[in-house]
Amino acid sequence: MGNSALRAHVETAQKTGVFQLKDRGLTEFPADLQKLTSNLRTIDLSNNKIESLPPLLIGKFTLLKSLSLNNNKLNVLPDEICNLKKLETLSLNNNHLRELPSTFGQLSALKTLSLSGNQLGALPLQLCSLRHLDVVDLSKNQIRSIPDTVGELQVIELNLNQNQISQISVKISCCPRLKILRLEENCLELSMLPQSILSDSQICLLAVEGNLFEIKKLRELEGYDKYMERFTATKKKFA
């Protein structure tokens, strides 16, 4: 991509606060964005070939609210990304991430996190300290179990479709705001699904198709009627 074209994008972004450069075959995060650290609110560099983020630059976008790097080749995220104190939306679908920085819990304004199609082997514990997080998409990863710490998650919607989950901690029922839990196409036996999800949680949409049991068996479990009450009440509310 020519320098003049990039310059034009940078000039536009200076006025709008939005820098969008998708499908351009970029292999690096554009260094020219250094000039815009104090006025960019949105960066979208999806569908490129970026392998890493420059640590010294990425943490300087103090006003950034939305960062999209879907469909790139990122292997790791630098710790400096956690300096983005105003970041509300982070989309990193279809990269090669195996873990999140240990300081990830410092992204205190984060509301929506998309990490579908990466190589995460576990539910990132750092998410439990993000108090404003509403929606997390961890579908299409390699997560095998949901640990006890899940009970501290503040999310409203958790998508774990198409992982390898065979075990779920009963603490998932303690999530104070969790309303939507997606567990489709995992490795769950019915006996591994905590009954308290049905009887004692806030969950009003539980999606479990494509596991190692028939859905009609779920309907026979104790507590299913309580779950259906919540499901129906929510449906009525949005009807």
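No hydrogens, no waters, no symmetry mates; every other heavy atom, side chains included, goes into these values. It should be emphasised that the depicted structure is a prediction, and the values quoted were computed from it without experimental measurement.
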Taking only distance into account, with no hydrogens and no angle test, what donor-acceptor pairs under 3.5 Å do side-chain atoms of residues 212-224 form with protein atoms, sequence neighbours excluded?
none

| said: So L123 and P147, do their side chains get closer than 4.5 Å, heavy atoms only? | reply: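 Yes, side chains in contact.
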| query | Any side-chain heavy-atom pair from F19 and L45 closer than 4.5 angstrom? | reply | yes
Is the side chain of [X] donor-acceptor paired with the backbone N or O of [Y] at a distance under 3.5 Å, no angle test?
X	Y	answer
K85	C82	yes
N93	G117	no
D44	S46	yes
N161	L183	yes
N83	I81	no
R230	K179	no

| Non-hydrogen atoms of Q202 and P176 that approach each other most closely | CG-O, 3.5 Å
| task | Identify the heavy atoms of N163 and N141 that sit nearest to each other, and give their distance. | result | OD1-C, 2.9 Å
| From N71, N47, N72, residue fulfilling side chain to side chain donor-acceptor pair (under 3.5 Å) relative to N94 |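 In the set N71, N47, N72, the residue that makes a side chain to side chain donor-acceptor pair (under 3.5 Å) with N94 is N71.
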| Residue pairs fulfilling side chain to side chain donor-acceptor pair (under 3.5 Å) with at least one residue in residues 105-121, sequence neighbours excluded | R98-Q119, S116-S139
| message | Any salt bridge linking E157 with R182? Criterion: basic side-chain nitrogen under 4.0 Å from a carboxylate oxygen. | response |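 Counted as a salt bridge, because a side-chain N and a carboxylate O are separated by less than 4.0 Å.
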| task | For the pair R177 and D134, find out whether any cationic side-chain nitrogen is under 4.0 Å from an anionic carboxylate oxygen. | result | yes
| task | Using a cut-off of 6.0 Å, state whether more than 12 heavy atoms not belonging to R144 lie near its atom CZ. | result |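 For R144, atom CZ is not crowded (no more than 12 foreign heavy atoms under 6.0 Å).
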